[in-house]
There are 2 protein chains.
Amino acid sequence: MDLSLRLLQALAAVAEDGSMTRAARRLNLTQQAVSGQIRQLERIVGTPLVVRLSSGIELTAAGQVVLKQGEALLSSAEAMMSEARMVGAARSEPLRIAFKAQSTAHFMPAVEAALRRQAPDLEVQPISSHTLPEEIEALVEGRADAAFLWLPIGDDPRFVIHPLLAEDRWVALPPGHPLSERNSLTIADLADVPVVGPREGMPEAVVSFWFIDPRPDGSRAVFGPEGRTPEECLHLVAAGHGCWIAPASTVTYFAHPRLVWLPLVDAPPNQLALMWAVHNPNPYLPLLLQETSRVLLPAN
Amino acid sequence: MDLSLRLLQALAAVAEDGSMTRAARRLNLTQQAVSGQIRQLERIVGTPLVVRLSSGIELTAAGQVVLKQGEALLSSAEAMMSEARMVGAARSEPLRIAFKAQSTAHFMPAVEAALRRQAPDLEVQPISSHTLPEEIEALVEGRADAAFLWLPIGDDPRFVIHPLLAEDRWVALPPGHPLSERNSLTIADLADVPVVGPREGMPEAVVSFWFIDPRPDGSRAVFGPEGRTPEECLHLVAAGHGCWIAPASTVTYFAHPRLVWLPLVDAPPNQLALMWAVHNPNPYLPLLLQETSRVLLPAN
DNA sequence: ATCCTGCCACAACGATTCCTTGTGCCCTCC
DNA sequence: GGAGGGCACAAGGAATCGTTGTGGCAGGAT
């Protein structure tokens with residue numbers, strides 16, 4: 001049976017007024033409606049709750065039980081809804097998304113728009129960072145709920161990782177470089193070219209992936225000067241210190257006239273991924289994943 | 001707004017299964033129905049409770065509040081109904097009605113039938129007694145909830161007294177008595193006739209009323225031997241010890257061939273009353289009064 | 001790549017519930 | 001004895017609740 005709080009309110013009003021008719025007036029209902037509600041409540045509980053008199057009503061012992069505990073129930077329900085409204089209105093759970101500026105940022109507006117369509121009340125809070133360690137730190141320290149980043153990052157049981165899409169890697173070369181006249185490159189072409197990029201604080205597997213070290217033929221990569229940010233790397237390349245191997249989408253951010261970008265056709269692609277801490281309770285994370293997939297995958 | 005427990009059950013099931021469709025199967029409903037219930041619950045509470053995903057649902061923070069407190073609410077409601085059913089089924093409140101055997105008893109079957117019509121589950125328990133002090137004692141000691149008796153009984157703030165109907169008093173005389181040939185009597189006729197009846201343990205006002213002492217002309221009544229019960233009084237009258245002044249309805253109980261009953265036309269009538277202890281909480285007392293009035297007054 | 005399955009939402013229809021008006025009966029009070 | 005207030009029953013319309021049917025979307029199997 002399905003107990004409705006309205007019935008308990010009716011009983012409370014009837015008990016207080018000692019009369020269905022008076023209670024009905026107070027509840028802005030007709031006497032018949034209140035009579036029906038009491039009857040329904042009695043049917044649900046399964047025992048008479050009031051004694052009908054021509055001068056009004058009187059509660060039975062069972063009616064007093066329902067009255068007393070019903071009032072407790074009503075106030076509990078009121079408190080529950082109030083608290084839920086508080087929690088809901090507080091937007092106490094903004095979704096904080098970390099991304100690398102000018103690297104995993106170009107789809108953020110579309111993702112945010114998609115989220116807003118599904119959950120208009122959700123507050124999306126972008127957290128920008130410049131390096132992969134910064135992003136991971138933000139997740140670990142709870143400053144961000146999720147992060148967009150490039151795989152690989154090495155295995156890490158603290159995170160849930162959802163690969164989204166694969167990108168070929170491209171190589172940035174200075175305009176005057178002998179290889180810069182080519183249409184595409186292979187790993188073998190880069191055998192003697194120093195590679196710039198971030199190394200400090202990166203897991204070994206990540207360095208190994210981006211520098212392609214060791215090379216498929218077993219030789220070692222030539223490590224050029226360290227560039228921690230994309231800007232530093234580009235500066236180093238433009239200054240002739242070597243090449244930079246980067247995700248394809250980076251090309252669109254840095255179509256610099258003093259640089260030449262060429263695809264690296266035989267290198268395993270890197271992957272854009274969405275990641276969050278395994279124990280993060282934010283309920284919007286699955287929604288974020290879903291909407292991100294929707295935004296990114298058709299545009300493949 | 002009107003919160004129904006069904007909605008809370010739906011939320012609980014949905015939260016447990018992580019999916020509206022699976023919850024719907026378990027609840028023997030369609031997915032659409034459950035979806036509607038969740039939507040309605042969200043409208044009532046006023047904030048989103050679940051995040052809709054293509055792979056199922058996820059509770060928001062507000063949803064977790066409602067889930068947790070809602071489950072408490074559900075079990076409270078279940079406990080409430082269970083206890084009310086217990087109390088109701090226990091018939092823990094039989095209505096115990098005291099009456100004087102062969103004096104205020106003749107309408108008891110009709111009263112009980114009327115009560116049964118209005119409250120089929122009510123258990124009526126007759127408590128018979130033979131004297132007025134016995135009846136009052138039963139009320140005071142809580143062995144009876146209500147009593148039928150003859151007024152007056154003297155003022156007593158411990159009781160609520162509802163007069164029901166008035167009866168003329170009649171006089172019982174032995175057949176050979178000089179007055180026994182009359183059609184009716186006046187108080188003056190009884191000036192020298194000893195009166196029998198109960199005196200011991202009766203309030204003075206009651207003795208004064210039944211013995212009509214003092215008489216309207218200021219003279220004193222002649223007190224015959226004490227008869228504590230109707231049987232004793234009748235025996236005393238039949239033996240020639242005097243007359244007995246009794247309620248009219250007594251005549252129907254004791255239409256004895258060896259007695260003559262005559263109406264006492266100028267004596268103030270006595271009244272049948274329903275009475276109970278002021279603090280008796282039995283909810284059926286007003287119903288008893290109502291039904292008793294209905295039974296007695298038309299038959300006036 | 002394509003189909004199949006599972007998830008949810010929207011729409012339309014029928015059954016039930018809910019509240020209203022209208023009525024009758026009873027009791028109480030004036 | 002009439003007026004007023006109490007409750008129950010009955011009938012009709014509105015709102016609610018459930019169903020079936022459909023579509024979009026994502027994930028997994030063929």
Side-chain angles (χ1 to χ4, degrees), chain A residues 1-4 6-7 9-10 14 17-25 27-44 48-58 114 117-119 162-165 274 286-298 300, chain B residues 1-7 9-10 14 17-25 27-44 48-58 114 117-119 162-164 274 286-298 300:
Chain A
M1 272 301 167
D2 147 55
L3 178 61
S4 170
R6 181 174 29 108
L7 305 182
Q9 286 173 326
V14 163
D17 290 344
S19 146
M20 297 197 193
T21 306
R22 279 194 296 278
R25 266 196 290 275
L27 297 171
N28 284 323
L29 290 175
T30 59
Q31 166 263 319
Q32 292 87 334
V34 172
S35 170
Q37 290 183 352
I38 297 297
R39 209 166 25 241
Q40 188 184 349
L41 184 57
E42 286 178 325
R43 212 187 61 229
I44 291 173
L49 301 176
V50 305
V51 182
R52 275 88 171 162
L53 308 165
S54 66
S55 60
I57 62 93
E58 195 81 22
R117 224 175 353 134
Q118 294 290 327
H162 295 279
L164 294 169
L165 49 83
L274 177 62
L287 184 64
L288 171 63
L289 174 61
Q290 173 179 311
E291 294 306 312
T292 302
S293 303
R294 183 177 312 187
V295 166
L296 290 182
L297 299 192
N300 192 26
Chain B
M1 271 303 166
D2 147 54
L3 177 62
S4 168
L5 294 194
R6 180 174 29 110
L7 305 181
Q9 285 173 326
V14 163
D17 291 344
S19 147
M20 296 197 194
T21 306
R22 277 195 297 278
R25 267 197 289 275
L27 297 171
N28 284 323
L29 290 175
T30 59
Q31 166 264 319
Q32 292 87 336
V34 172
S35 171
Q37 290 183 351
I38 298 298
R39 211 168 22 244
Q40 188 184 351
L41 184 57
E42 286 178 324
R43 210 187 63 230
I44 292 172
L49 301 176
V50 305
V51 181
R52 275 87 170 163
L53 308 165
S54 66
S55 61
I57 61 94
E58 195 82 20
R117 226 176 351 138
Q118 294 290 328
H162 296 278
L164 294 170
L274 178 61
L287 184 65
L288 171 64
L289 174 60
Q290 173 178 311
E291 295 306 313
T292 302
S293 302
R294 183 177 315 188
V295 166
L296 289 183
L297 298 194
N300 192 23

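Within every chain, numbering begins at 1; the chains are lettered A, B, ... in the order of the sequence lines, protein sequences first and strands thereafter. The shown structure was predicted, so the numbers you read here are calculated from the model rather than taken from an experiment.
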_Which nucleotide wins on minimum distance to the side chain of A/Arg25, given the candidates D/dT19, D/dG6, C/dC7?_
D/dG6
_Is the phosphate of C/dA9 approached by B/Ser35 (side-chain N or O, under 4.0 Å from OP1 or OP2)?_
yes
_Atom-to-atom span, CD1 of B/Ile57 to C1' of C/dG6 - whole angstrom_ = 15 Å
*Protein-nucleotide distance (A/Leu29, atom CG; C/dC18, atom P), rounded to Å*: 12 Å
*Test salt bridge (charged side-chain N to carboxylate O under 4.0 Å, His left out) applied to A/Glu58 - qualifying residues, sequence neighbours left out*: none
_Can you tell me if A/Ser19 touches the phosphate of D/dC7, counting only side-chain N or O atoms and a distance under 4.0 Å to OP1 or OP2?_
yes
_Partners passing salt bridge (charged side-chain N to carboxylate O under 4.0 Å, His left out) against B/Arg22 (at least two apart in sequence or in another chain)_ = none
*Under the side-chain contact (heavy atoms from CB on, under 4.5 Å) test, which residues partner B/Leu41, sequence neighbours left out?*
B/Leu3, B/Leu7, B/Leu8, B/Leu11, B/Val45, B/Leu49, B/Val66
*Quick one: list whatever passes side-chain contact (heavy atoms from CB on, under 4.5 Å) with A/Ala24, sequence neighbours left out.*
A/Val34
*asked:* Using the side-chain contact (heavy atoms from CB on, under 4.5 Å) criterion, which residues pair with B/Thr30? Sequence neighbours excluded.
replied: B/Gln32, B/Ala33
_Taking the nucleotide of DNA chain D with the nearest heavy atom to each, does B/Arg6 or A/Leu289 sit closer to the 5' end?_
B/Arg6
_So, does B/Arg52 get its side chain near the phosphate of C/dC7, meaning an N or O under 4.0 Å from OP1 or OP2?_
no
*With DNA chain D as reference, determine whether A/Gly56 or B/Thr30 sits nearer its 5' end, using the nearest nucleotide of each.*
A/Gly56
*asked:* Just N and O in the side chain of B/Arg39: are any of them under 4.0 Å from OP1 or OP2 of D/dT16?
replied: no
Would you tabulate the pairs of protein nitrogen or oxygen atoms and nucleotide nitrogen or oxygen atoms of nucleotides 22-26 of chain D closer than 3.5 angstrom?
from: D/dC25; atom 1: O3'; to: A/Arg294; atom 2: NH2; distance (Å): 3.4
from: D/dA26; atom 1: OP1; to: A/Arg294; atom 2: NE; distance (Å): 2.7
from: D/dA26; atom 1: O4'; to: B/Ser54; atom 2: OG; distance (Å): 3.3

_In whole Å, I'd like the distance from the CG atom of A/Asn28 to the P atom of C/dT21._
12 Å
